[in-house]
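Quick note: residue numbers are just sequence positions, from 1.
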Amino acid sequence: MQNLVVLGATGTIGRNTLDVAQRHSDKLRVLALTANTDDAALFELCQAFLPRIAVMADAAAAQRLEAKIKSAGLKIEVGTGVDALVAVAAHAEADQIMSAIVGAAGLLPTLAAVQKGKRVLIANKEPLVMAGRLLMDAADQSGATIIPIDSEHNAIFQCLPAAYRCGAVPKGVKRLVLTASGGPFRETPLADLPKVTPQQAVRHPNWVMGQKISVDSATMMNKGLELIEAATLYRLPAAQLEVVIHPESAIHSLVEYVDGSMLAQLGQPDMRVPIAHALAWPERWESGVDGLDLAALGRMRFEPADTQRFPCLRLAREALIAGGNAANVLNAANEIAVEAFLKGKLTYTGIAEMIESCLNADHQAVASDLAGILAVDAWARDWSMSWLNSGQKVIHA
């Protein structure tokens, strides 16, 4: 019996993780669940899964949750804040940690889990983008096992040799090919992109995801962040990493070997597939997802990624090549830009413009330790907010 901690339990990844865990309750026991501010949703999950610990990042939400748990007569310890998140991620009895907290907030608990040698299932891109080297070095020292949950990186992991561990250089690999659906604006006239609304941007044609990652998919920043992740997870340079548009989202990524062989992982666009793979690894468990009907699929298309249509992809590749603070700044500026766009304070095309301006403004000394990484993140967020407050690309009613 393995003890499971789900960081970000009320989000899409968290709920899908619990769906798979429930199917295998003879193998997995939920030790702890965490959420940000949605105490009502976490209370429902506490009733269903009876974890020993529940943590809310927000203090007021934690008070509300504690009152509900007490009223229901449940024996669940309630914690609050970053320290409590770090504590459950590093809990002595935890075996598997699903890291699904959106944004930079996931870095500290993810690092804590890695430092304690846990099996860490990384679903949020930001910790690897912000502090990938720090995380991989910590895994080398602690013996932690890192398994990516992003459908693309999980696909690559499945296509690499069976004994492969993230953080090593995969032998015999010529290149990694990340696939992208192209999102909702793959064929939208370029002249119409400045008028794109948040409601349009979050309508992904293939995947059901949260708002932030849906916007990242529309701009293809998610694929740019995945390029940076791939360089960290598989220790390959940008020249060996490629992105192609694959509208059907049936092939999730490919690995080309030096002998000319190319291996691909196929499956339904359902996050329970990579989640079940990671929870069961090196075994295989049923995920609740049907297999692909290839005849019904009919065809699969591939197109080059257009960086004029998707400038965020260009910016991410440039940040990967530049090294230093660039990926960290890129990530922080993107989080601020997407939040502003969703609130109607920034145009869709203004997302890339703001990020590029922030990247060009970075004159910070290169940060390699945790304190320096967090300082750069804070600087980039402050700079981005100042850019927004200056009125550039702000939408006026």
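L176 and I321 fall into different hydrophobic clusters, where Ile, Leu, Val, Met, Phe, Trp and Tyr side chains are chained together by heavy-atom contacts under 4.5 Å. Hydrophobic clustering (side-chain heavy atoms under 4.5 Å, transitive across Ile, Leu, Val, Met, Phe, Trp, Tyr) groups M271 together with W285. Linking Ile, Leu, Val, Met, Phe, Trp and Tyr whenever their side-chain heavy atoms come within less than 4.5 Å leaves L7 and V102 in two separate clusters. Under the 4.5 Å side-chain heavy-atom criterion for Ile, Leu, Val, Met, Phe, Trp and Tyr, L31 and L74 are members of distinct hydrophobic clusters. In the hydrophobic cluster analysis, where Ile, Leu, Val, Met, Phe, Trp and Tyr join through side-chain heavy atoms closer than 4.5 angstrom, L374 is grouped together with V329.
The pair D95-R119 does not count as a salt bridge, with every side-chain nitrogen at least 4.0 angstrom from each carboxylate oxygen. Using a 4.0 Å cut-off between charged nitrogen and carboxylate oxygen, R52 and E77 do not count as a salt-bridge pair. K70 has no carboxylate O lying under 4.0 Å from a charged side-chain N of E66, or vice versa, which leaves the two without a salt bridge. A salt bridge does not link K171 to D259: none of the charged side-chain nitrogens sits closer than 4.0 Å to a carboxylate oxygen. We find that R15 and D19 are not joined by a salt bridge, their nearest charged nitrogen and carboxylate oxygen being 4.0 Å or further apart.
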For this session: I would like to know whether L313 and L315 meet side-chain contact (heavy atoms from CB on, under 4.5 Å); could you show each step before the answer?
Result: CA-CA 5 Å; L313 182 60; L315 294 173; over 6 Å; no

Exercise. Does the salt bridge (Lys or Arg N to Asp or Glu O under 4.0 Å) test come out yes or no for R309 and E187, once each step is laid out?
Worked result: CA-CA 9 Å; R309 178 177 297 279; E187 297 178 331; over 6 Å; no

For this session: Determine, stepwise, if the pair R165 / I146 fulfils side-chain contact (heavy atoms from CB on, under 4.5 Å).
Result: CA-CA 8 Å; R165 296 293 190 277; I146 293 177; over 6 Å; no

Problem set entry | Stepwise salt bridge (Lys or Arg N to Asp or Glu O under 4.0 Å) check, R186 with E303 | CA-CA 10 Å; R186 183 172 61 88; E303 307 163 5; 2.8 Å; yes

Exercise. Should F157 and L233 be marked as a side-chain contact (heavy atoms from CB on, under 4.5 Å) after you check the CA-CA gap, both sets of side-chain angles, and the distance that decides it?
Worked result: CA-CA 9 Å; F157 186 88; L233 288 168; over 6 Å; no

For this session: Show your working on side-chain contact (heavy atoms from CB on, under 4.5 Å) between L342 and E339 and close with a plain yes or no.
Result: CA-CA 5 Å; L342 287 169; E339 182 180 7; 5.8 Å; no

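Between D216 and N334, the side chains place a donor N or O and an acceptor N or O closer than 3.5 Å (distance only, hydrogens not considered). For the residue pair D137/Q141, the side-chain donor-acceptor check at 3.5 Å is not satisfied.
In this view, F185 and Y348 satisfy the ring-ring contact (aromatic ring centres under 6.0 Å, His included) rule, not counting sequence neighbours. With sequence neighbours excluded, the residues that form a side-chain contact (heavy atoms from CB on, under 4.5 Å) with V20 are H24, R272, I275, A276, L279. Residues satisfying the side chain to side chain donor-acceptor pair (under 3.5 Å) test with K68, not counting sequence neighbours, are D39. Under the side chain to side chain donor-acceptor pair (under 3.5 Å) criterion, K223 pairs with E152, E226, not counting sequence neighbours. Not counting sequence neighbours, the partners of L263 by the side-chain contact (heavy atoms from CB on, under 4.5 Å) test are C159, Y257. In this structure, N325 has no side chain to side chain donor-acceptor pair (under 3.5 Å) partners at least two apart in sequence or on a different chain. Residues passing the salt bridge (Lys or Arg N to Asp or Glu O under 4.0 Å) test with E283: none are found, sequence neighbours excluded. With sequence neighbours left out, E356 forms a salt bridge (Lys or Arg N to Asp or Glu O under 4.0 Å) with R314.
A distance-only check finds a donor-acceptor pair linking the side chain of N3 to the backbone of E93 [under 3.5 Å]. Judged by distance alone, with hydrogens and angles left aside, the side-chain atoms of E248 form a donor-acceptor pair with the main-chain N or O of R301 at under 3.5 Å. A donor-acceptor pair under 3.5 Å links the side-chain atoms of R317 to the main chain of A238, judged by distance alone. Side chain of T179 to main chain of H252: a donor-acceptor pair is present (N/O by atom type, distance under 3.5 Å, no hydrogens or angles). Distance alone, capped at 3.5 Å, places no donor-acceptor pair between the T349 side chain and the L193 backbone. For E286 (side chain) and G288 (main-chain N/O), a donor-acceptor pair under 3.5 Å exists by modelled atom type. The backbone N or O of A131 sits nowhere less than 3.5 Å from a side-chain atom of N328 that would complete a donor-acceptor pair. Checking side-chain atoms of S71 against main-chain N and O of A67 turns up no donor-acceptor pair under 3.5 Å. Formation of a donor-acceptor pair under 3.5 Å by the S384 side chain with backbone atoms of A380 is found in this model. With D58 contributing its side chain and A60 its backbone, the two residues share a donor-acceptor pair below 3.5 Å.
Residue V366 belongs to no hydrophobic cluster, having no ILVMFWY side-chain heavy atom closer than 4.5 Å to its own. Side-chain heavy-atom separations under 4.5 angstrom define the hydrophobic clusters, and V169 shares its cluster with no other residue. Using a 4.5 Å cut-off between side-chain heavy atoms of Ile, Leu, Val, Met, Phe, Trp and Tyr, I251 falls into a hydrophobic cluster with V177, V244, L254, M262, L266, L292, L294, L297, M300, F302.
A pairwise comparison of heavy atoms in A155 and Q265 identifies CB-OE1, 3.3 Å as the closest pair. Across all non-hydrogen atoms, the minimal contact from A123 to I13 is CB-CG2, 3.7 Å. The minimum heavy-atom distance linking T80 with A59 is given by the pair OG1-CA, 3.3 Å. G106 approaches S99 most closely through the heavy-atom pair O-OG, 4.4 Å.
Sorted by first then second residue, the ring-ring contact (aromatic ring centres under 6.0 Å, His included) pairs that include residues 94-135, not counting sequence neighbours, number zero.
Using the six-membered ring where Trp is involved, W383 and W379 have ring planes that are tilted, between 30° and 60° apart. In this pair, H153 and Y234 present their aromatic rings tilted. The plane angle is within the 30 to 60° band.
Atom CG of residue D192 and atom CD of residue Q200 lie 9.0 Å apart, to the nearest 0.5 angstrom.
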